[in-house]
S.K.: 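One structure is given below, represented as structure tokens, and several questions about it will come after.
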Number of protein chains: 2
Amino acid sequence: MTEFQLIDRIRARAPTRDDVLLGIGDDAALLRVPAGRDLVVATDTLNAGVHFPDATAPADIGWKALAVNLSDLAAMGAQPAWCTLSLSLPEADMAWLDAFLDGFLELAALHRVALVGGDTTRGPLSVCVTAHGLVQPGLAMRRDGARAGDEVWVTGTLGDAAGALALLQRAGAVVAPVCEAAPMLPVARSGAQTVPPALRARLDRPQPRVAAGLALAGLARAAIDVSDGLLADLGHVACASRVAIEVDVAALPCSDALAEAFPDEDQRRTMQATGGDDYELCFAAAPGARDAVRAALADARMAGTVIARCTEGGGVRAHLADGSAWSPPRSGHEHFVVESRAGD
Amino acid sequence: MTEFQLIDRIRARAPTRDDVLLGIGDDAALLRVPAGRDLVVATDTLNAGVHFPDATAPADIGWKALAVNLSDLAAMGAQPAWCTLSLSLPEADMAWLDAFLDGFLELAALHRVALVGGDTTRGPLSVCVTAHGLVQPGLAMRRDGARAGDEVWVTGTLGDAAGALALLQRAGAVVAPVCEAAPMLPVARSGAQTVPPALRARLDRPQPRVAAGLALAGLARAAIDVSDGLLADLGHVACASRVAIEVDVAALPCSDALAEAFPDEDQRRTMQATGGDDYELCFAAAPGARDAVRAALADARMAGTVIARCTEGGGVRAHLADGSAWSPPRSGHEHFVVESRAGD
């Protein structure tokens, strides 16, 4: 098994499109951007043990690696078009690769995304995807367009992925893979049985809200996808838009599965407000656009909930229904939190 | 030190361009592709200990991570425009990041490449870059256009990077980093002193042949950059173009530094023919285009040498000046060479 054989395998299974003039197998891909469209580019890496539990099934890793990037395109209101895949693997394992591609290509097919290039290298398991989308000039949803008075919406429900992860951690399935030599085998199956499938699916198979993003482009003033945790992500919007955002944590939409698995309200709210990995869209729109937003979301078959308001000022504040302040035990997801050192 | 602080640091130092409508700091970058240009996309990951010695200086890692991608664009005849950077680091180290950016951004500035997005994550040291370039429709140099009768050229000289690596290995500087906890410190300095600077520069600071690629677009019938090793890369061209390629190994251009460091001719030829990491352009052109090729290369201030001929058939064969066959001890660079197992 060689690197070239892995690439041949990926090439044989990779979907293409008419606007791909040259796909996998040359020094670079050659792509035709249609006239009257701007290019939207997102890139995200998933590392084993950091972005997904070591025990995650390869097909789920494949799905998620593409999903998190399509979610970024969705948050811009872009139509996905092409992607590249850079895959670092501890060893050349065709069975693993095929399972990985099953998930990756299943999602790619759903959104008509062509896999146009990439590389495979030896190294600790890591997946870097760059996704390309197209948007009409002037319609992209940025983070910096929210204004005081805007309502802040979120699609779907929040906290399911964090709930699934918490249950996996509680079952000991995440921290200690049974077999170090084959970390990608589904060693978490016993733990997995303690996680309701509806929650587990949100962790392993996030659905990028592409249709909602397309429907909202030109309607929402600012948007972001919820990946780091709602409050942290709203912090990015508040900072970029120079507004304050007042979040009603009692309004955060919650799935039945999450409510059932976590009866404690404050624990649940913490997951919803700070857990991350939701991949819902969070966006600001004028109150006058409320009906248009509802209609757009209905077209995209997505629920939408107003969870916050933009006001003059800066920062993000969370409050309960009675107006009293609410604080999570931690705020947002950070890959690095280390001591600052002399010289830094 | 947090992930967001690292991103802020990168953002503060990242160069931009007028065609970048939105760069680092949103869910995705927003880019304007000029009318009448196709998009060229290359992506390559460098992993510590696989693609560069653990002891490589961070600035050299930064330079090389971008260089290998710009080299792919050059091989297509594309003008580089934008890139994304996905950086996995064992810890959030601002001093390391700044040194890395010194090299990365030095090369980006040379080619007016804007850094428009990416991410930073915790994980074993790994750098994934996606580079975007622009090319006139129909002018991109592919691997599949070579024809029987074509001459095969290479820019510059071959084997210097392989020679540097061999000298580092001989000095024991590559296999055994002194300090595992700080693998990126320049622990190879004692070994490095045994490597002539001219060779070391080819390993650590490869120069993507962007100007040569632009000058050759429309003139060369097929092109590839020499990264896996000349014979392996010519194999890709032979396969894609359905021609045989007869290589005169005695004609392979050799630097004075390499000739001095490796007096043994066969050892040197092996490095030149199979060592890889050269990042020269190798291209096929009609014999009638010889003068035009020389003029184009002169414009790009690059030397060029005819090293092979395309003939009917398939595969790559190497011969000496007297026509006798020449075989290297190994052929090309493979990241994975493992035993095939039952079920694969």
Side-chain angles (χ1 to χ4, degrees), chain A residues 1-4 6 21-22 25-33 35 38-45 47 50-51 72-73 75-76 78 82 84 86 88 91-92 94-95 116-124 126 128 130 132-133 135 140 142-143 224-225 240 334-338 340 343-344, chain B residues 1-4 6 21-22 25-33 35 38-45 47 50-51 72-73 75-76 78 82 84 86 88 91-92 94-95 116-124 126 128 130 132-133 135 140 142-143 224-225 240 334-338 340 343-344:
Chain A
M1 189 72 53
T2 70
E3 181 185 6
F4 300 132
L6 291 181
L21 308 179
L22 188 61
D26 213 296
D27 291 294
L30 195 57
L31 307 165
R32 183 146 295 170
V33 175
D38 285 333
L39 181 68
V40 182
V41 179
T43 192
D44 255 320
T45 292
N47 291 329
V50 178
H51 300 91
D72 280 326
L73 297 187
M76 303 295 289
W82 316 295
T84 59
S86 195
S88 294
E91 58 173 329
M94 195 66 92
V116 299
D119 66 340
T120 62
T121 58
R122 187 163 56 78
S126 177
C128 178
T130 302
H132 296 78
V135 70
R142 307 160 55 125
R143 296 178 178 178
I224 194 168
D225 71 323
E334 293 269 1
H335 296 130
F336 299 106
V337 182
V338 298
S340 165
D344 281 357
Chain B
M1 190 71 53
T2 70
E3 181 185 7
F4 300 132
L6 291 181
L21 307 178
L22 188 60
D26 214 295
D27 291 295
L30 194 57
L31 307 165
R32 183 146 293 170
V33 176
D38 286 333
L39 182 67
V40 182
V41 179
T43 192
D44 255 319
T45 293
N47 291 329
V50 178
H51 300 90
D72 281 325
L73 297 187
M76 303 296 289
W82 316 296
T84 61
S86 195
S88 294
E91 60 174 328
M94 194 66 92
V116 298
D119 66 341
T120 61
T121 59
R122 187 164 54 80
S126 176
C128 177
T130 302
H132 296 78
V135 69
R142 308 160 55 125
R143 294 178 179 178
I224 194 168
D225 70 323
E334 293 268 2
H335 296 128
F336 298 108
V337 182
V338 299
S340 166
D344 281 357

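Throughout, a chain's letter reflects where its sequence line sits, starting with A, and its residues are numbered from 1. What you see below is based on every heavy atom in this structure, not just the backbone, and it leaves out hydrogens, waters and symmetry mates.
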S.K.: Do A:Arg143 side-chain atoms and B:Gly25 backbone N/O form a donor-acceptor pair below 3.5 Å?
M.R.: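 A pair under 3.5 Å: yes.
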S.K.: Who among A:Leu22, A:Val116, A:Val33 has the most heavy-atom pairs with chain B under 4.5 Å?
M.R.: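 Sorted descending by pairs with chain B, the first entry is A:Leu22.
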S.K.: Closer than 3.5 angstrom, by distance alone: can the side chain of B:Asp27 be matched with the main-chain N or O of A:Leu73 as a donor-acceptor pair?
M.R.: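 No, because the side chain of B:Asp27 does not come within donor-acceptor range (under 3.5 Å) of the backbone of A:Leu73.
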S.K.: Taking every heavy-atom pair that is under 4.5 Å apart, which of A:Ala35, A:Ala78, A:Ala29, A:Gly117 has the most such pairs with chain B?
M.R.: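 Highest number of heavy-atom pairs under 4.5 Å: A:Ala29.
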S.K.: Test salt bridge (Lys or Arg N to Asp or Glu O under 4.0 Å) on A:Arg142 and B:Asp26; report intermediate values, then the result.
M.R.: CA-CA 7 Å; A:Arg142 307 160 55 125; B:Asp26 214 295; 5.1 Å; no
S.K.: For chain A, which candidate among B:Asp72, B:Asp225, B:Val135 shows the most heavy-atom pairs at distances under 4.5 Å?
M.R.: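 Option with the greatest count: B:Asp72.
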S.K.: For the residue pair B:Asn47 and A:Arg122, what are the closest heavy atoms and their distance?
M.R.: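 Answer, listing the atom of B:Asn47 first, then A:Arg122: ND2-O, 3.0 Å.
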S.K.: Find out whether B:Arg32 and A:Leu39 are in side-chain contact, i.e. whether some heavy atom of one side chain is under 4.5 Å from a heavy atom of the other.
M.R.: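 With C-beta onward as the side chain, the pair stays apart.
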S.K.: Between B:Leu31, B:Leu30, B:Thr84, which residue shows the highest count of heavy-atom pairs closer than 4.5 Å to chain A?
M.R.: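 Top option by heavy-atom pairs under 4.5 Å: B:Leu31.
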S.K.: I need the residue from B:Val40, B:Thr45, B:Leu21 with the largest number of non-hydrogen atom pairs under 4.5 Å to chain A.
M.R.: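 Ranked by contacts with chain A, first place is B:Thr45.
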